[in-house]
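Take a look at the structure set out below.
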Amino acid sequence: MNRRTAALSAALALAVLLCAGFLLWRQSHAQPGTTAQIYQFGELVEEIPLDQVTESYTIPLEGEDGAENVIEVAPGRIRVRRANCPDQVCVRQGWISDSSVPVVCLPHQVVIQITGGEGDVDAAAG
Amino acid sequence: MWTPPPAKGTRRLTRLALLTAIALTIFLVEAQIPVPIPIPGVKLGLANIVTVYAVFVLGCGDALLILVCRVFLGAVFSGQMMTLFYSRGGGLLCWLVMVLLRRVLTRRQIWLCSPIAAIFHNLGQLLVAAVMLGTWVVLAYLPYLVIAGAASGLFTGLCAQFLIHRLDAISRS
Amino acid sequence: MRQHALPAIALAAALLLGGCARTQEPASNQIFAMDTVMTLEIYGDGAQEQLNEAVGTIYRLEDLWDVTSEGSEVWALDHSAGDWVDLSPETADLLAQALELCALTGGALDLTAYPAVRAWGFTTGEYRVPSQEELDALVPLIDYTKLELEDGRARLPEGMELDLGAVAKGYTGAYLAQTLREGGVASALLSLGGNVQTVGAKPDGSPWRVAIQDPDSGQQATLGVVEVADQAVITSGGYQRYFEADGETYWHIMDPDTAAPARSGLRSVTVIGSDGTVCDALSTALFVMGAEEAAAFWQVHPELEVELVLVEEDGTVLITQGLEDSFQLTQEDRTLEVIAP
């Protein structure tokens, strides 16, 4: 094994280890968010304060050419319940309830993300 | 080590067409297999065996031609024109990295070249997604895609290396 | 291999250590002082010593200014029967600043309103609604201009009483912040019973996010969030201490002109600025003034460099223009209006 190979494999291993470490760190530091934002074609179409949801309901989101994602909102969490996208990745990702990873439907250009909203303040005045 | 004689005209065209067809077939078959990990952009990417093979055996230009044709036809045949954008962004960045790596690595290090290229493929895809979706939050997937790229790249890289090794053996016999 | 492994390991170590430094936990403490709960968080090297010192400072200042404790300088002033009382440098400094603010606000802030606070029972918790005659008799006793301050001593006419409650926590926050900065602290969060004082920004460089309480929906609801660095965020509101009698609500912020709870149409006033004493004093004074007068005051005093969040009785939220980018309303059913300079 020559030096170049060694250096490149070390860099590769380091990148993988750093990513794995970061994911673990993020998992342990994830804070429950409160506001879900639904984006379609890069525009905010819906904003839902998840801490104020008391009963589950669904939002049908229609895109171009019959594209459809049915989004289910529940107290404190949100998911894509059904979709007619080819890969179904968004459906299989399931519920999200914190800001660490958004739900993305690449074929239909839909993104659901959760932001801290008022959950991540440092102090309260009053 | 055996390298095919520089091909011109019909011979070259036939070889490119054959490899494109193989890559396309692998791509379409793989598309039918659901990915166990529900993260957008994660897949085995078996069609990249052909790309890696082409970069190292045929040369960078020919590899690019095969890649572009396969990506375009793949989008047409699978009926998902949307994937065209993602695959093109990822594929081009991946190809570029492989071209650079080819200068410093030999055929014996394809197993290493492929995962690095795969990581950049995923990075390119993600950047395209960020632009298309109009939000940078998709970058939250980057760590997953780096790990997935390293794993799948290692697999396809080993496949390609094995393939080249076998073809060498055949040509020598 | 070795030649390349070493830098790689060094890089990995640097990244990991860098990561640790960024997520470093603050030295923190929660104490009960000045009739409230205080939470102190100090980041960086030597934070623990700074924290201990800060706690000591708070208790020392509390002992100077506790209006109910016989050993305090404020108690001495209130019970000197018109004689001069020698003051510590901190008390003299606070009194000088506070008197200036009383004058600046035209008496809307008055340090000598203590007799009214006591008449309504806020000092003991035995709440009562005083008769009109009783209040009329109290009004002449409320006049900060009668308080004389010179060369580190002060005197107050007999019968009048002084209380620093409206400025003490703001001053304490500013005092601690100054001490921490001089001690080399770059990042700290001091929450003195709802009076928030920040030193620098968060360790990661982002601004502190301070929630402002919604005066209308219980203790925990947030009206909005403001992002600050190196500033104080101080709220005065009728919802903080109050009692109800005969269907009326009476709160602890007194109008010096009537010796009765100030009814100006405001539910709460939040003042954001770099001087905690000014913020604390103004939050009380502007609450007494009311929305219109408060906005006018802000417009003619840009030199104070403060920003305001006013909540009116009908729920309307007024913010001054400097907050347009840093204030985020979380109760979205409210009307938000911006006061232009």
Side-chain angles (χ1 to χ4, degrees), chain A residues 1-27 30 37 39-44 63-65 67 79-80 85-94 96 98-115, chain B residues 31-32 34-43 78-87 101 103-106 108-109 111-120 122-123 125-126 128-151 153-154 157:
Chain A
M1 205 195 268
N2 65 26
R3 274 189 199 158
R4 264 182 200 148
T5 318
L8 275 174
S9 20
L12 181 68
L14 190 67
V16 170
L17 281 177
L18 281 179
C19 287
F22 175 73
L23 286 178
L24 285 176
W25 175 84
R26 190 168 67 180
Q27 209 132 43
Q37 292 168 325
Y39 288 86
Q40 190 180 28
F41 306 121
E43 276 169 31
L44 183 66
E64 287 165 349
D65 303 326
R79 69 164 172 174
V80 178
C85 58
D87 60 10
Q88 297 288 305
V89 166
C90 55
V91 179
R92 286 191 294 127
Q93 191 173 343
I96 59 166
D98 61 49
S99 54
S100 52
V101 177
V103 178
V104 175
C105 182
L106 285 178
H108 292 176
Q109 296 189 52
V110 172
V111 178
I112 307 172
Q113 63 160 323
I114 292 184
T115 57
Chain B
Q32 300 307 310
V35 191
I37 308 160
I39 291 172
V42 170
K43 60 176 185 172
S78 64
Q80 298 176 39
M81 289 312 283
M82 217 47 172
T83 61
L84 185 58
F85 296 101
Y86 303 120
S87 306
L101 283 176
R103 292 160 167 263
V104 294
L105 294 177
T106 65
R108 298 164 77 87
Q109 280 100 39
W111 62 272
L112 180 57
C113 171
S114 172
I116 296 174
I119 288 174
F120 279 92
N122 287 350
L123 180 66
Q125 244 182 353
L126 211 53
V128 173
V131 172
M132 297 267 293
L133 300 171
T135 168
W136 292 105
V137 299
V138 292
L139 288 183
Y141 286 114
L142 185 61
Y144 293 108
L145 290 178
V146 168
I147 295 169
L154 197 61

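Quick note on labels: first sequence line is chain A, next is B, and so on, each numbered from 1.
- Across every non-hydrogen atom of Val138(B) and Ala129(B), the tightest pair is CG2-C, 4.4 Å.
- Applying the 6.0 Å contact sphere to OH of Tyr86(B) captures more than 12 heavy atoms from other residues, nucleotides or ligands.
- Of the inter-residue distances, the one linking Ile112(A) atom CD1 with Ile96(A) atom CD1 reads 6.5 Å to the nearest 0.5 angstrom.
- Atom CG of Leu17(A) is separated from atom CG of Leu14(A) by 6.5 Å, given to the nearest 0.5 angstrom.
- Counting heavy-atom pairs closer than 4.5 Å to chain A, the top residue among Val42(B), Ile116(B), Val131(B) is Ile116(B).
- Both the backbone and the side chain of Leu106(A) come within contact range of chain B, judged by heavy atoms closer than 4.5 Å.
- Contact of Leu105(B) with chain A is made through the side chain alone, with heavy-atom distances under 4.5 Å.
- For chain A, the nearby part of Ile39(B) is the backbone; its heavy atoms alone come within less than 4.5 Å.
- When heavy atoms are compared at a cutoff of 4.5 Å, Tyr39(A) does not approach chain B at all.
- Looking at Phe85(B), neither its backbone nor its side chain comes within 4.5 Å of chain A, counting heavy atoms on both sides.
- Closest approach of Leu133(B) to Val111(A), counting heavy atoms only: CD1-CG2, 3.6 Å.
- Comparing Val103(A), Val101(A), Val16(A) by heavy-atom pairs within less than 4.5 Å of chain B, the highest count is held by Val101(A).
- Chosen from Cys85(A), Pro86(A), Ala11(A), the residue pairing most often with chain B at heavy-atom distances under 4.5 Å is Pro86(A).
- Interface remark: Gln113(A) contributes side-chain atoms only to the contact with chain B (heavy atom separation under 4.5 Å).
- The CD1 atom of Ile119(B) lies 10.0 Å from the OG atom of Ser114(B); values are rounded to the nearest 0.5 Å.
- Note that the CG atom of Leu23(A) and the CD1 atom of Ile147(B) stand 5.0 Å from one another [nearest 0.5 Å].
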